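Report on the structure given below.
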Protein chains: 2
Amino acid sequence: MKKKTTIYDIAEKLGLTAATVSRALNNNTKISLNTRKLVLDTALEMNYEQNKLALALKSGKSYNVGVIVPRIDSNFFSSVIRGIEEELYPKGYHVIICQTHNQENIENEKINSLVNVQVDGILMSISNANLEENKGFNKLLKNKKTPLVFFDRKKDIKGISSVTIDDFKGGYDATKHLLDQGCKRIAHLSNDRNFEIFRNRYLGYKQALSDNGIEFDESLVIETQSNVLDGRRVARLLLDMETPPDAIFSSSDFAALGAIQEIKESGFNIPEDICVVGFSNEPFTRFMELTAITTVDQFPLEMGRTAAQVFLEEVSNTGDTKITKNVVLTPQLIIRKSSLKHKEG
Amino acid sequence: MKKKTTIYDIAEKLGLTAATVSRALNNNTKISLNTRKLVLDTALEMNYEQNKLALALKSGKSYNVGVIVPRIDSNFFSSVIRGIEEELYPKGYHVIICQTHNQENIENEKINSLVNVQVDGILMSISNANLEENKGFNKLLKNKKTPLVFFDRKKDIKGISSVTIDDFKGGYDATKHLLDQGCKRIAHLSNDRNFEIFRNRYLGYKQALSDNGIEFDESLVIETQSNVLDGRRVARLLLDMETPPDAIFSSSDFAALGAIQEIKESGFNIPEDICVVGFSNEPFTRFMELTAITTVDQFPLEMGRTAAQVFLEEVSNTGDTKITKNVVLTPQLIIRKSSLKHKEG
DNA sequence: CTGTTAGCGCTTTCAG
DNA sequence: CTGAAAGCGCTAACAG
C-alpha cells in the first residue's frame, strides 16, 4: 500500500523544488524545456497523479456540481442528468447526484451537504413547494456564493435562474387537441398545484376550455399522484360519475396509464369512448401496442443541457451584477392512438 | 459577495485559537462546556459551515465515490445508481456519476479523472471488454489504493470485487421456460460475448437446450445490439429463414420489443407462432397490453445496494489482506403473455 | 529560469 | 482545559 506520489517526491528525486515541478507540470514557459521534459518524464515514471483536492482547496473551486432530484430512476430525471453530465464533463466538472424522494427534510439536508463539500453550483428540481421556509435553502440564498439553477420543478424566486418547459402551453395544447377531437367533457388529472409546473398545466387546460366556449367544471379536476395505481383510483372515480367524462388530460404519463387500464377493464374503448392524453413522453407511452399514449414531450435531455449551460454562464460571469436567466423550452404534443378518434385524411 | 466564515474567523471573534474552535465544534470533551457552547453559538450566528474539502485534503478521504456506467438514462442503470446513492449517502458519501457511452477512451479518461479527484472508491459497469489493456485502469489496479467494485458488466480479475446476477441461470431459466412451452427451435439474440454477462446468458441457453435433448444450432444465435431497431433487423433475418424459429430468447428487452414489432407486422402471432422472452424487466415490458413481455428481472436496485455494501466493507477493512467478494444475485424469470402459450390451470 | 515563502481550512500531536 | 505549530498537496506572488 504505497502512498501516492506528490510533487515533493519528484522534486526531491530531481533535486528541484516543488514550485518548479508544479510549474513544469503546468507547462509554464518560464521553465526551461529541459527541466520541463525531465519533470514530465519522471512524473510519468513515478505514476504521478495530480491531487485535485489540494487544487480545489487552494483555488476555492471544486469543479463539482450537485444535482438534486426527487429520484433518479425515472426516465425524465435520468435524461436530464444525462444532459447535465454530457454538457459539464467536457468543461471539467463532475456531477454529484442526490435524491430527495420528495421529502423536505432530506432536501434540506442534501442542500447543506452539497454546500459543505464546496460544490461550485447546484442544479435542482425542487421537492418542496414551500422551499423558502427551508433553512438550508435560505442559507444558500443568502450567501449567494453558489450558483443555483432550477429545472422543471422550479420556484419563481428573484435572482435564481431556471430552465423549464412552457407547461401552460403543454396543458393548453393537450386540451385543445382533445377539443379538436370533439371531446366536450374533459377531465384533468392534476397534481399538487403548489408546484408551478402542475399549476401551469392546469391553467393551460382551463384557458383552452374557456377559449373554446366550454364551461369549466371543477368536479372534473382531481388531484392525482404520478403513478399507475393512483391513476386507476382516479379513473374509477370519474367512471362512477353520473356523466363520466369523454376525455382525460393527465399531467402524468403514469397516471394516464393507470387510467387507461381501469377504463379498458371497465369495458370502455379508448379512444372511441374516452380519449386520454398524458404528459412527459415516457418511453413506455410509445410502446403500448393498442393504445400508444398521446403525450407531451418535455425534452429532458435538452433541459439538462440548457440548465448546465446556464450554470456555466453564471460561474464564468466575473461582473458584479448577477445575471439570472429564465429559459423556457417549448413542449411538443405527440399525438398517438389514445386520443385519435378519427383518422386524419 | 462575502467570503465564507472559517474557524479562524470565529476564533478571532472569540479571542480563541483555531484549534480550540475545531475541537469545540467536534464536541471534544477536553473543551469546557462553556466555551463549547460559546463556540457553537457564534458558529451558528456567523453561518459557519465546515469546509469538507479541507478535511478531505487533511484526512486523505474525500467521501466521494465514482460510479461509471455506459449511460444513465436506462432504467437498469439508473435503478442501480439509485440503490448506490441510497446506501451510501447515510454513510456520508456522495456519488459522482460518469457515463462512457460504451467508448473505451472515454472510460479510460473518466477513470483517471475520478482518481484525480481522490474518490474513495469506484463502482463500475465496464464498457470495454478488454479493460486490462486500458492504461488508466491498469494504473488503478496497480496502486491498489482505490477500492474497485464491478457490477453487472464485470471482468473476472483477481483482487476485484463484483456484484452480478447469475446470468447463466437467467439464460437457462428463460430457455427452459420456452422449452416447457413446447418450443423446439429457439433462437437467441445475443450481444458481444466478450462481456461475461452476455457470454453467460448464452451459455445458460446452450446448457438448457442440451439438458433437454435439443441440438444446438449455431445459425439461431445472432449478435444483436440492445435496441429496438436492431431487434427488428434480426427478427427479419430469422423470419426469412427457411425454417423460422418458434421462439426467441433475447438478452435485451429492447431487442425483444423490436423483434415483437417485426413479427407482428409480418402477420405472425405471439405467443402462438413465436414465443418471446427478454432480459432486464424494463418497465415497458410490463405495460405492453397485448403482449406483456416475459423477461428476467435483474434486481438493479438491490444490485446497487449490494455493490455499495461491498465497497463499504472494503474501505472499512483495516487489515492488510484485501478481502474481495464476488456476490452473485439470483435473477428471476417473470413469465408474461409473450411466451405463455397455454394458460396454466 | 528557479527557489523561497505563504496560504487555502482543517485536524492533531505536543506542551503547558 | 487551551495554545502553538505542523502538515495534507498544490499554486502564486516575490525574489533573485
Side-chain angles (χ1 to χ4, degrees), chain A residues 2-40 42-43 46-64 92 115-120 143 145-146, chain B residues 2-40 42-43 46-64 92 115-120 143 145-146:
Chain A
K2 50 191 169 202
K3 296 233 17 148
K4 291 180 184 170
T5 65
T6 75
I7 53 172
Y8 288 97
D9 299 329
I10 105 159
E12 190 179 18
K13 178 156 186 176
L14 260 44
L16 289 172
T17 176
T20 311
V21 173
S22 168
R23 281 186 278 242
L25 290 171
N26 290 312
N27 252 301
N28 188 322
T29 51
K30 306 277 186 179
I31 302 292
S32 80
L33 267 172
N34 282 334
T35 37
R36 243 188 288 170
K37 181 154 174 20
L38 189 63
V39 169
L40 252 17
T42 44
M46 296 176 77
N47 277 315
Y48 169 77
E49 297 282 347
Q50 190 187 42
N51 184 336
K52 298 257 183 203
L53 231 51
L55 224 182
L57 179 60
K58 174 81 180 152
S59 67
K61 280 204 68 162
S62 68
Y63 277 99
N64 280 149
V115 171
N116 286 164
V117 298
Q118 311 296 114
V119 289
D120 292 347
N143 74 6
K145 280 284 288 182
T146 323
Chain B
K2 53 192 168 202
K3 294 237 17 154
K4 293 179 183 171
T5 64
T6 74
I7 52 172
Y8 287 98
D9 298 330
I10 106 159
E12 191 179 18
K13 177 158 190 176
L14 260 44
L16 288 172
T17 177
T20 311
V21 174
S22 168
R23 282 186 277 242
L25 289 171
N26 291 314
N27 252 300
N28 189 323
T29 50
K30 305 279 184 176
I31 303 291
S32 80
L33 266 173
N34 283 334
T35 38
R36 244 188 287 171
K37 181 153 173 23
L38 190 63
V39 167
L40 250 18
T42 43
M46 297 177 78
N47 279 312
Y48 170 76
E49 298 282 347
Q50 190 187 44
N51 184 336
K52 298 259 183 200
L53 230 49
L55 224 183
L57 179 60
K58 174 80 180 151
S59 69
K61 279 204 70 163
S62 68
Y63 277 97
N64 281 149
V115 171
N116 285 164
V117 298
Q118 312 296 115
V119 289
D120 292 347
N143 74 4
K145 281 284 285 183
T146 323

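For clarity, every value in this text was computed on a predicted model and none was experimentally measured.
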Legend entry - Bend angle of the helix from dC1(C)-dG16(D) to dG16(C)-dC1(D), from helix axes over five pairs at each end, nearest 10°: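 For the helix from dC1(C)-dG16(D) to dG16(C)-dC1(D), the axes at either end differ by 50°.
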Legend entry - Within residues 23-32 of chain B, residues whose heavy atoms come under 4.0 Å of DNA chain C: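 Heavy-atom contacts with DNA chain C come from Arg23(B), Asn26(B).
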Inset, instruction - Go through residues 7-19 of chain B and report each residue with a non-hydrogen atom lying under 4.0 Å from DNA chain C, sorted by number. - result: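 Ile7(B), Tyr8(B), Ala19(B) - these, ordered by number, are the residues of the stretch whose heavy atoms sit under 4.0 Å from the strand.
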Inset, instruction - Could you tell me whether a side-chain N or O of Asn26(B) sits under 3.5 Å from a main-chain N or O of Asn28(B), the two making a donor and an acceptor? - result: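 No, Asn26(B) side chain to Asn28(B) backbone: no donor-acceptor pair under 3.5 Å.
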Inset, instruction - Without swapping roles, check the side chain of Ser22(A) against the backbone of Ala18(A) for a donor-acceptor pair under 3.5 Å. - result: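 No; zero donor-acceptor contacts below 3.5 Å.
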Separation between [atom1] of [X] and [atom2] of [Y], rounded to the nearest 0.5 Å:
X         : Y        : atom1 : atom2 : value
Leu14(B)  : Thr20(B) : CG    : OG1   : 10.0 Å
Gln118(B) : Leu55(A) : CD    : CG    : 11.0 Å
Tyr48(B)  : Leu40(B) : OH    : CG    : 11.0 Å
Leu38(B)  : Leu33(B) : CG    : CG    : 12.0 Å
Lys30(A)  : Arg23(A) : NZ    : CZ    : 10.0 Å
Thr42(B)  : Lys37(B) : OG1   : NZ    : 10.0 Å

Legend entry - Pairing residues for Glu49(B) by the side chain to side chain contact (heavy atoms under 4.5 Å, CB included) criterion, not counting sequence neighbours: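 For Glu49(B) the side chain to side chain contact (heavy atoms under 4.5 Å, CB included) partners, ignoring immediate neighbours, are Asn112(A), Asn116(A), Lys139(A).
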Legend entry - Interface limits on DNA chain D, where chain A has a heavy atom under 4.0 Å of a nucleotide atom: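 The footprint of chain A covers dG9(D) to dA13(D).
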Inset, instruction - Quick one: label Ser22(A) by what it contacts on the DNA or RNA (base, sugar-phosphate, nothing), any heavy atom closer than 4.0 Å. - result: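 The residue Ser22(A) makes base contact.
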Inset, instruction - Determine the contact category for Thr35(A): base if any of its heavy atoms lies under 4.0 Å from a base atom, sugar-phosphate if only primed atoms, P, OP1 or OP2 are that close, otherwise nothing. - result: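 It contacts sugar-phosphate atoms only.
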Legend entry - DNA chain C: 5'-most and 3'-most nucleotides touching chain B, 4.0 angstrom heavy-atom criterion: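 In short, chain B contacts DNA chain C from dG9(C) to dT13(C).
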Inset, instruction - For the residue pair Ser32(A) and Thr35(A), confirm or rule out a side-chain donor-acceptor distance under 3.5 Å. - result: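 Looking only at side-chain atoms, Thr35(A) and Ser32(A) do form a donor-acceptor pair, the distance falling under 3.5 Å.
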